[in-house]
Protein chains: 2
Amino acid sequence: MNLTKQKLSIFALGGVGEIGKNMYVVQYADDMVVIDCGSKFPDEEFPGVDLIVPDISYLIENRDKVRGVIITHGHEDHIGGLPHILKQLNMPVYTGRLTMGLIEGKLKEAGLLGSTERILIHEDSEVQLGTIKASFFKTNHSIPNSLGIVLHTPEGVVVHTGDFKFDHTPVNDQYADLHRMAEIGKNGLLALLSESTNVERPGYTPSEKSVGVNLVEAFRKARQRVIVSTFASNVHRLQQVIEAAAASNRKLATIGRSMVNMISIASELGYLNLPDGMLIEPGDVNKYPPEQVAILCTGSQGETMSALSRLARSNHRQVEILPGDTVIISANPIPGNERRIGRVVDELFRLGADVIYGPGSQTGMHVSGHASQEELKLMLGLMQPKYFIPIHGEYRMQIRHRKLAETMGVEKDNIFLVDIGEVVEIEGGAARKAGKVKSGNTLIDGLGVGDVGNIVLRERKQLSEDGVMIVVVTVGKQAGAILSGPDIISRGFVYIRESEGLLDEATRVVAATINRLMQDNVNEWAALKSGVKENLGRFLYEKTKRKPMILPIIMEV
Amino acid sequence: MNLTKQKLSIFALGGVGEIGKNMYVVQYADDMVVIDCGSKFPDEEFPGVDLIVPDISYLIENRDKVRGVIITHGHEDHIGGLPHILKQLNMPVYTGRLTMGLIEGKLKEAGLLGSTERILIHEDSEVQLGTIKASFFKTNHSIPNSLGIVLHTPEGVVVHTGDFKFDHTPVNDQYADLHRMAEIGKNGLLALLSESTNVERPGYTPSEKSVGVNLVEAFRKARQRVIVSTFASNVHRLQQVIEAAAASNRKLATIGRSMVNMISIASELGYLNLPDGMLIEPGDVNKYPPEQVAILCTGSQGETMSALSRLARSNHRQVEILPGDTVIISANPIPGNERRIGRVVDELFRLGADVIYGPGSQTGMHVSGHASQEELKLMLGLMQPKYFIPIHGEYRMQIRHRKLAETMGVEKDNIFLVDIGEVVEIEGGAARKAGKVKSGNTLIDGLGVGDVGNIVLRERKQLSEDGVMIVVVTVGKQAGAILSGPDIISRGFVYIRESEGLLDEATRVVAATINRLMQDNVNEWAALKSGVKENLGRFLYEKTKRKPMILPIIMEV
């Protein structure tokens, strides 16, 4: 599909109909501006897959038109795809200082630092990208340096909010720029793309500072060590843990690669205020009395190999949980992770720790970084767009966000719910849906990018259900007779030692099938194989009601 | 382990350290009374497994001592194991009328109805089981006919609450028997086993009737059809849906095997009040105007093959969702199911339905059947036990329940947190932990009971991660040379058509390995195989960073 000239086109390559791998494109004539380049962790639908990034076929086909990618903030669902995408398509990266610091770490690892043009911007920058001029506005989110994006195009102004909440008492005193948002709205906004993460939640998201108070109190009460697990990417939370440690005279050790990394980058760039001499090595934790120690670690989602999980299983090299320690899980469980987190909490309790866990609304140890309904309305009220495209959410959230906008007077016909790849075209002030560009998931598994697709995934799922049974037989080229075998090997099907009888019978079924077919002069391998598959499959299903993958292999000598 | 005579022993074969497959045993001298016999659905740790039931080795070893099993109520986590367990160990089943009706359906299917002794009881029954006398008390729960159990033993009285809440305005006007509970406490209770499902929730669980009001209102408002999805086992909810349908002059169709089944059994036994002529066949739904139709269906957890999922995917034979229909999910998402439910909700929205979904606390369309903290305290306050064993919950819930009991004056040393199989022994009024009986998971996969264990599960997990690569080669017995192959077959590893180069190279690695080993006179198959595994594994990992399961097969002619 080729988007015609002198029109404004807006579409998502990721981030709508899903949570994760955000990537949006605004195109005017021959100029394309990309916003964000995220990744997403695969769920159980993608067994064995490491990471999912957007399919950027459309950008590659139009590589001469891509003016660059602007990154709103430094979270994985906005920057995690960069190393993979930049390998396929080199483009300049525009973003703020902290975000750039985090991106540079990734590019360095991927060997892309030298080849990637990087342009630092801040809230007052203006950047000309072909016919499109970009400016920015400060927002509040759980990581500092989060920006909203304003794209001034010949057709009108388009705003992308990035991720945001309205926190009127932000931890770093960096207030959202209400004035600039009001000004944008006042001057007439053509289209607003606003995030929908928390659109299902009524009311306001509380200020991040409300968590700080509770952390200080919990640190003060704890008679021994305090271990706090949170997302490394929640820099404001890290700051508040540091402050709670300072207030209770504790040294701080950090565990988990991403935590160590974030603390180093964010404090180096001045986004984290870490008192001199507070940080200690995990190996030195036992040199201090327990009431003078705090530990900040990854693993709030119960990830198997994370710091907290290793502590819970007592297999961290340097630190162990002792009876009387206080563990605070300072994060909400992401849907789907509850059972895994529950197991970690159980293990911590078994070690004698006191664990503060559960939804932040109950524990007071977590608030979201995303706007709830009233804040989403505030954004709409400030911006007063002509057209509205809810983004950054599952389809049901886009629907809810549309309803919200309707209650504020945005006309239903002016609200576009888009699928991935679906283009909203605006010309002469009139918007309409205009087809779809190629888009989808690019799966990353090990070193492979895109070599795992639906067929491979279907095979993995089948293998995980009932395992595999391999049947090998060697036949003579002339003789038309079995020379060796059939041998049967199974994995993931039954416990072999206790199922010898079944496997012996299966071998006989296969031998009989092959002999009968060969007597009937059926000698094509394909026919022999499908005969074996069918008869053995039927036999196994009758005996076990299971359907292992059957792989007949016929060797000819 | 043999539990000595003239002592009281209490242990769980399932239901502690987990939610699901409840099974508890109270033994005095040579008399064992079993309570409940549940099943549990496997999570992602058990790929391909259909169902998990308790390992009852200990009961089988002591089969002459088992006096029978008492079932508290008709939910799967209390009755689902019966067909499998009764096949291993025939014992009399004692339970109430509705519960027995549901059990009989299961036994019939399993061909066990004739061989199983079934004794109907009610809240005023008394049953002598050897030296142990059982009596009962009515409780409130989301299914009628729920009972608490009182076991009078020579050592003292033991109470098992079953699942309960305190609903002072129950849908069926069957009030929990507060007087009997008070009497039990007043007369001196030795040990209380109380369920812990909702111990993490502060306050009171609202009355089931609060949902009824909202259902009636939603049915009244809906301009077209109303589809309600809930657990078939939530009989009170079904009653309220029926009443809402009646109040809005709607006919009712039911979809989903368990829903049809429950409505038939519960109404036949008088536990469900269904107006004459209200029920219609799903195939007749289109014969009525949409505002006169309601549909009750399974699938509130987004189960792939359930009625609601089929409706959402538009592949139900008789009913389709039309734009303007109202779908109500009248259940809370069970942790782990959120994403699956979300996908179903998205699909329903895409069909143009209005969907009421999310936690019952927000929608008003669901309340729990389990006691929250204040109700758990009320139970403890009525019963005032000397010893307390929190059951029916994960370890962290047992911990929380212990804390609750401590706040009510139960001594910490008198509260026992037990793992599965762990025995609490009471003799001469003194309780202590006394070892462990054999216990665990029995996995059911197809017709197999117990033939899938850790090895098979590990294989399935490995297969689902990176697939399998099979290497076959035929060698001559004398020649010591490759006669045919090596042939390589892979599944779930890479997309084969696009990876021919890689597979060709892999074939060469295998051939070189075998030739070199045979030149060195290594002719044992085991050595050849491990050589192939090692070299091919290293090669593939270098090229792909993946570790498929490698299965070398050497055929000899």
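Proteins get letters first, then strands, A, B, ... in listed order; numbering begins at 1 in each.
Contact annotation for B:Leu348: neither backbone nor side-chain heavy atoms come within less than 4.5 Å of a heavy atom of chain A. Contact annotation for A:Lys547: neither backbone nor side-chain heavy atoms come within less than 4.5 Å of a heavy atom of chain B. Contacts of B:Gln362 with chain A are made by side-chain atoms alone, with heavy-atom separations under 4.5 Å and no backbone atom involved. With a 4.5 angstrom heavy-atom cutoff, A:Arg491 touches chain B via backbone and side-chain atoms both. Proximity to chain A is absent for every atom of B:Pro333, based on heavy atoms less than 4.5 angstrom apart. With a threshold of 4.5 angstrom between heavy atoms, B:Thr544 approaches chain A through N, CA, C or O but not through any side-chain atom. Only the backbone of A:Glu542 comes within contact range of chain B, judged by heavy atoms closer than 4.5 Å. In this structure, no portion of B:Arg201 lies under 4.5 Å from any heavy atom of chain A. The contact between B:Val473 and chain A is made entirely by backbone atoms, counting heavy-atom distances below 4.5 Å. Of the two parts of A:Gln398, neither the backbone nor the side chain holds a non-hydrogen atom closer than 4.5 Å to a non-hydrogen atom of chain B. Proximity to chain A (any heavy atom under 4.5 Å) is restricted, for B:Glu556, to the backbone atoms N, CA, C and O. Contact annotation for A:Arg458: neither backbone nor side-chain heavy atoms come within less than 4.5 Å of a heavy atom of chain B.
Of the listed residues A:Glu394, A:Lys543, A:Arg546, the one with more heavy-atom pairs under 4.5 angstrom with chain B than any other is A:Arg546. Taking chain A as the reference chain and counting heavy-atom pairs below 4.5 Å, the highest number among B:Leu417, B:Val49, B:Val472 is found for B:Val472. The choice from A:Asp346, A:Asp487, A:Thr474 that makes the most heavy-atom pairs within less than 4.5 Å of chain B is A:Asp346. For the set A:Ser490, A:Gly446, A:Ser464, A:Gly48, the count of heavy-atom pairs under 4.5 angstrom toward chain B peaks at A:Ser464. Most heavy-atom pairs under 4.5 Å with chain B, from the set A:Val468, A:Val345, A:Asn454, A:Ile553: that is A:Ile553. When each of B:Ser484, B:Gly492, B:Gly336 is scored by its heavy-atom pairs under 4.5 Å with chain A, the top score falls to B:Gly492. The residue among A:Gly485, A:Pro47, A:Gly17, A:Pro202 with the most heavy atom pairs within less than 4.5 Å of chain B is A:Pro47. With chain B as the partner, the residue from A:Glu347, A:Arg343, A:Met397 showing the most heavy-atom pairs under 4.5 Å is A:Arg343. Comparing B:Gln462, B:Glu45, B:Glu459, B:Lys461 by heavy-atom pairs within less than 4.5 Å of chain A, the highest count is held by B:Glu459.
Taking the salt bridge (Lys or Arg N to Asp or Glu O under 4.0 Å) definition, one finds that A:Glu422 meets it with A:Lys433, sequence neighbours left out.
Considering only heavy atoms from C-beta on, A:Arg396 stays 4.5 Å or farther from B:Val355 through its side chain. Put simply, the side chain of A:Asp466 reaches to within 4.5 Å of the side chain of B:Asp445, judged on heavy atoms.
With salt bridges taken as basic N to acidic carboxylate O contacts below 4.0 Å, none links B:Arg340 and A:Asp43. Using a 4.0 Å cut-off between a side-chain N of Lys or Arg and a carboxylate O of Asp or Glu, B:Arg339 and A:Glu44 qualify as a salt bridge.
Distance check: A:Asp50 CG to B:Glu465 CD gives 8.5 Å after rounding to the nearest 0.5 Å. Atom CG of B:Asn337 is separated from atom CD of A:Glu338 by 9.5 Å, given to the nearest 0.5 angstrom. Put simply, CG on B:Leu551 and CD1 on A:Ile470 are 4.5 Å apart, with the number rounded to the nearest 0.5 Å.
Within 6.0 Å of CZ in A:Phe539 there are more than 12 heavy atoms belonging to other residues, nucleotides or ligands. Environment of NZ in B:Lys533: sparse, with no more than 12 heavy atoms of neighbouring residues, nucleotides or ligands closer than 6.0 Å.
Of all heavy-atom pairs between B:Phe493 and A:Arg460, the closest is O-NH2, 3.5 Å. Pairing each heavy atom of A:Asp419 with each of B:Arg350, the nearest pair is OD1-NH1, 2.8 Å.
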